[in-house]
J.: 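What follows is a structure written as C-alpha cells; I'll ask about it next.
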Amino acid sequence: MNLKQLLDDRVAVAMTAAGVADAKAIVKQAQKSEFGHYQANGIMGAAKRQKSNPRELAGKVLKQLGDDMDLQLEVAGPGFINITLSPDFLAGALKKLQHSHRLGIEEAEEKVVVVDYSAPNLAKEMHIGHLRSTTIGDTAVRILEFLGHAVVRANHVGDWGAQFGSLLAYMDQLASQGEELSSELKDLEKFYQSASALFRSDEAFAIKARSFVVRLQGGDERCLALWEEFITESKRHCQAVYDQLNITLTANDIRAESAYNDELPVLVNELEEKQLLVESEGAKCVFLDGFKGKDDKPLPAIIQKSDGGYPYMATDLAAVRYRAGTLKAHEVLYFVGTQQQLHLRQVFAVAAAAGYIGGHQRFRHLPFGWVLKADNTPFKTRDGADVKLVDVLNEAVDRAHRLVNEKNPDLSLEEKKNIAKVVGIGAIKYAELSKNRTTDYIFDWDTMLSFEGNTAPYLQYAYTRIQSIFRRENILATEIKGKFHLTDPAELRLAVKLLQFSETINAVIEDYQANILCNYLFELAGIFMSFYEACPVLKASEPHRTSRLLLCHLTASTLQKGLDLLGIETIEQM
RNA sequence: GCCCUGGUAGCUCAGUUGGAUAGAGCAUCCGCCUCCUAAGCGGAGGGUCACAGGUUCGACUCCUGUUCAGGGCGCCA
C-alpha cells in the first residue's frame, strides 16, 4: 500500500480523461494540514502546456474523479487539487497494514546488490570519520535485504601497501628486543604512531621499513607472518567496533585489497589485449576521453606504476571486475567519501571500456564529506590527537548511563547497562544518519551525544511509552481484537503518518538517503507524542480504547522496524 | 588554471521531477506532572534562502555571472 502512488495514479487517470495528454499528477504530501493530506500539483503545468485556465482544468479533473466517498477533494489556489482522506478510508487502510506483517512494504523483485562500505585502513584504528560510510552503508544493506534483495556486503579494507613497511619493521624490532607483540598491539593507534615517529626520526629504521615493503610484496615468509599477525589483530579491533555499533558486517564480509593481488597481472594482460594500455613515463596507463588534468592534458588512469607496483586504481578495477563478473551484481553501491569522486568515475569508465561492466549493471558512488575537528581540519591519525571511534562509543554509553541513573534510578544495574548501550549507540548512529550533507561537518561531542529533540532516544522513548501502556495492564499487543475508530484530529494525523511508511522507504532507496527515514520516524514519533498527550488510551471508553491500542501497537511496530532498518535497537523502558 | 560539491534562523540541519504564508532540533523566553514515563507536551521570538541578473502565472529549487568555503586534477590510498 503506497498512498501517494495510489492517489497519483487516480489523479493521472482523471487528468487523461479530462483531455490532458501525457498527464503527470505530481501528487505530494500536503505541505500544510489545512491543505488536506495530499495535494496534486500537476494541473497547473498541464494547463500551461495546453494553454487553458488552470482552475478550470482542475475543475474538470475533479469532475472526472467523481463523487468518491473516500476522498474529499477541492480546487485551491492557482489550480492545486487538495485531497483529504476520509476516516473510514484511513481505518480500512490501517486494518490492511495491521495484517500485512511488512507494514505495507511490498517485496521487490530480487536483485544482486553489492554494497561497498566501511572499508577502514587496517594499519590504523577506526576513527570517527569511519562512522559515515559504516552506518549509512549498513542502513542501505538492511533496507535492501528487507525489500528482498540478495545483498553482498563488501568490506574493502586496506591491508596492503607502503604504510605496512614501518609497522612490520617496528614489529620486527620489538620482537627482536623480546617484547610481547600481542600486548603491544592492544593499542593499535599508539603502535601506528610509534612506528611512524620512528620512520620519520630514524633513517636506519626508514630504510628497513622500505625494505620490508619490498620483502612483503616479494612474498618473504618472515614478513608475511608478521603481516598476518598484524592484520589479524587489526581485524579483531574492527570487529569489536562493529559489534558494539550493531553493524551487520562480519569477518566473512571482508574482501581486502590484498585478496586481489593475484588478479592484478591478469588485469593488466586483459587491458593490454583490449589495447587500452598505453605506456607513459614508464607507467602503464589507460587514457579515456573526458578525463582532463592540469593544463588540459589527458589524465591517465595508472594501472601499473613505473616500478612495477600497482596503485589502488588497479585494485579497485579488480574489485569491479570481480563484482560484475563473478558476483554478477545488478547494482553496486560505493559508500565512499566525496574526495574519491574523480577516482571512482575513472574506475567505472575504464571498467566499462574494458567490458567488465555489462549494460544492465549499475555502479553508483554515494558520496559524503569529511568529519572535521573544531579547527576545521580532518581527523588524521598521523597527527595523533584524534578521536578514536571506540572512545566516542564508550563516552556515549557512559553519558547515557549517567542519564538513566538520574531518570530511572530504580531499575536494576543490568537493565541500566543495557539501556545505556542501546540509547548511547543509537544516539551516535542517528546523529550520523539523520544528515544528508555531502559536504563536511564538524564533530562536536555534545551535538553527537545529545539525547533530546530530534535524536534516537526521542524515538526510543516514544516506543517505551507505548510498551509502558501495554505493560501496565498486561495487554498482549499482538492479540488486540477490534476495529480502528478514528475521530480525534490527533488520531487521524497518526493514521495518515503510519500509512506513509511504505512511500518513505521508496524515497529513501532512490539515493540511499537515510535521513529521509530519520525524518519520517521523528515526525511519526512527534505525532504520536501529541496523540499521547491529547488522547488517553487505557482510560478511554470503547470503541476508542481498542482503536487507540491498535494505533499504539502499529506505531510501536513502525518505530521498531524503522529503527531496525537504521541499525538502532529499541528497549522496553528507559 | 580547470573540474566537482556546497553557502537556508545565533548554532546544527530539513526542504521530495519548480508550487500556496521557507520548516525542525538545540539555545533563549512563557506555560504544563493529584492524569498511560516531563529523555515529554503547548506557545513566543528569531530569515535579504551568499550576492547580482535571467527564465515564468509562480524560483531556496532551473540558467548565467560574482563571491566565499571544501575536495580533486600521473605514478600515496
J.: Paired with B/A50: which nucleotide, if any, by Watson-Crick or G-U wobble criteria at under 3.5 Å for both distances?
T.: B/U66
J.: Establish, with yes or no, whether the OP1 or OP2 oxygen of B/U16 is under 4.0 angstrom from a side-chain nitrogen or oxygen of A/Y38.
T.: no
J.: Would you check if there is a donor-acceptor pair between the side chains of A/D9 and A/Q5 at a distance under 3.5 Å?
T.: yes
J.: For B/U61, which nucleotide in any strand shown is its Watson-Crick or wobble partner with both distances under 3.5 Å?
T.: none
J.: By the 4.0 Å heavy-atom rule, please label A/M44 as base, sugar-phosphate, or nothing.
T.: base
J.: Scan side-chain atoms only and decide if A/E432 and A/Y441 contain a donor-acceptor pair under the 3.5 Å cut-off.
T.: yes
J.: May I ask whether A/F35 stacks on the base of B/A20, given the cut-offs of 5.5 Å between ring centres and 30° between planes?
T.: yes
J.: Tell me whether the OP1 or OP2 atom of B/C36 has a side-chain N or O from A/K539 closer than 4.0 Å.
T.: no
J.: Could you give the NZ-to-P distance, from A/K28 to B/G15, as a whole number of Å?
T.: 12 Å
J.: Would you indicate which nucleotide in B/G74, B/C57, B/U17 comes nearest to any side-chain atom of A/K48?
T.: B/C57
J.: Counting only side-chain N and O atoms of A/S530, is one of them less than 4.0 Å from OP1 or OP2 of B/G42?
T.: yes
J.: Side chain of A/E257: nearest nucleotide among B/A77, B/G74, B/A39?
T.: B/A77
J.: Checking contacts here: which listed nucleotide (B/U5, B/A14, B/A39) is nearest the side-chain heavy atoms of A/T439?
T.: B/U5
J.: Heavy atoms under 4.0 Å, any strand shown: does A/I516 hit a base, just sugar-phosphate, or nothing?
T.: nothing
J.: Looking only at side-chain atoms of A/W370, point me to the closest of B/A20, B/G70, B/G74.
T.: B/G70
J.: Applying side chain to side chain donor-acceptor pair (under 3.5 Å), run through A/N408 and A/Q573 and close with a yes or a no.
T.: CA-CA 9 Å; A/N408 222 335; A/Q573 43 187 329; 4.8 Å; no
J.: Please check if any side-chain donor atom of A/N41 sits under 3.5 Å from a side-chain acceptor atom of A/K28, or the reverse.
T.: no
J.: For A/A283, report the nucleic acid contact type (base, sugar-phosphate, nothing); a contact means any heavy atom under 4.0 Å.
T.: base
J.: Contact class for A/C518 vs. all strands (heavy atom < 4.0 Å): base, sugar-phosphate, or nothing?
T.: nothing
J.: Going by modelled atom types, is there a donor-acceptor pair between the base of B/A20 and the side chain of A/N82 at under 3.5 Å?
T.: yes
J.: Just checking A/S450: base, sugar-phosphate only, or nothing, at a heavy-atom cut-off of under 4.0 Å?
T.: nothing
J.: Students often get this wrong, so: under 4.0 angstrom with heavy atoms, is A/G337 touching a base, only sugar-phosphate, or nothing?
T.: nothing
J.: Does A/R255 pair with A/D116 as a salt bridge, N-O distance under 4.0 Å?
T.: no
J.: For the side chain of A/N41, counting heavy atoms from C-beta on, which of B/A39, B/G19, B/U37 is nearest?
T.: B/G19
J.: Compare the ring of A/F80 with the six-membered ring in the base of B/A20 and state whether they stack (centres under 5.5 Å, planes under 30°).
T.: yes
J.: Classify the nucleic acid contact of A/Q39 as base, sugar-phosphate or nothing, counting any heavy atom under 4.0 Å across all strands shown.
T.: base
J.: Side-chain N or O of A/N436 less than 4.0 angstrom from OP1 or OP2 on B/G15?
T.: yes
J.: Figure out the CG/P separation between A/L299 and B/C73, and round it to whole Å.
T.: 8 Å
J.: Is B/C2 paired to anything, Watson-Crick or G-U wobble with both distances less than 3.5 Å, and if yes, which nucleotide?
T.: B/G72
J.: Could A/R402 and A/E406 be called an ion pair, given the rule that one side-chain N must be under 4.0 Å from one carboxylate O?
T.: no
J.: Any chance you could lay out the ring pair (Phe, Tyr, Trp, His ring centres under 6.0 Å) test for A/H156 and A/Y312, step after step, and finish with the verdict?
T.: CA-CA 11 Å; A/H156 192 77; A/Y312 79 141; 9.2 Å; no
J.: So which nucleotide from B/G19, B/G74, B/A39 ends up closest to the side chain of A/Q31?
T.: B/G19
J.: So what does A/I466 hit on the nucleic acid, given a heavy-atom distance under 4.0 Å: a base, only sugar-phosphate, or nothing?
T.: nothing
J.: Classify the nucleic acid contact of A/P536 as base, sugar-phosphate or nothing, counting any heavy atom under 4.0 Å across all strands shown.
T.: base
J.: Quick one: is A/Q341 getting a side-chain N or O under 4.0 Å of the B/G72 phosphate, OP1 or OP2?
T.: no
J.: At under 4.0 Å, does any side-chain N or O of A/R465 touch on OP1 or OP2 of B/A39?
T.: no
J.: Is the distance between the ring centroids of A/W445 and A/F443 under 6.0 Å?
T.: yes
J.: In the strands shown, is B/U12 matched to any nucleotide by a Watson-Crick or G-U wobble pair with both distances under 3.5 Å, and which?
T.: B/A24
J.: Starting at CG of A/D440 and ending at C1' of B/G72, how long is that distance when rounded to a whole Å?
T.: 13 Å
J.: Looking at B/C36, B/A39, B/G74, which one has an atom nearest to any side-chain atom of A/I302?
T.: B/G74
J.: Are any of A/K4's side-chain N or O atoms less than 4.0 Å away from OP1 or OP2 of B/U16?
T.: no
J.: Describe the nucleic acid contact of A/L342 in one word from base, sugar-phosphate, nothing, applying a heavy-atom distance below 4.0 Å.
T.: sugar-phosphate
J.: Between A/F291 (CZ) and B/G74 (C1'), how many Å, whole number?
T.: 14 Å
J.: Would you mind telling me which of B/G19, B/C41, B/A39 lies closest to the side-chain atoms of A/F451?
T.: B/A39
J.: Could a donor-acceptor pair under 3.5 angstrom be found where the side chain of A/Y312 meets the base of B/A77?
T.: yes
J.: Considering only B/A14, B/A20, B/G40, which nucleotide approaches the side chain of A/R437 most closely?
T.: B/A14
J.: For B/A20 versus B/U61, give the span between their P atoms, rounded off to a whole number of Å.
T.: 13 Å
J.: Quick one: label A/Q340 by what it contacts on the DNA or RNA (base, sugar-phosphate, nothing), any heavy atom closer than 4.0 Å.
T.: base
J.: State whether A/K294 places a side-chain N or O below 4.0 Å from either non-bridging phosphate oxygen (OP1 or OP2) of B/G72.
T.: no
J.: Could you walk me through whether A/Y310 and A/E257 pass the side chain to side chain donor-acceptor pair (under 3.5 Å) check?
T.: CA-CA 11 Å; A/Y310 298 97; A/E257 283 183 324; over 6 Å; no
J.: Classify A/N515 by what it touches in the nucleic acid, base, sugar-phosphate, or nothing, heavy-atom distance under 4.0 Å.
T.: sugar-phosphate
J.: Contact class for A/K32 (heavy atom, under 4.0 Å): base, sugar-phosphate, or nothing?
T.: sugar-phosphate
J.: Give A/T438 one of three labels, base, sugar-phosphate or nothing, depending on what nucleic acid heavy atoms sit under 4.0 Å from its own.
T.: sugar-phosphate
J.: Nearest to the A/Q339 side chain among B/U17, B/G71, B/C75, which nucleotide is it?
T.: B/G71
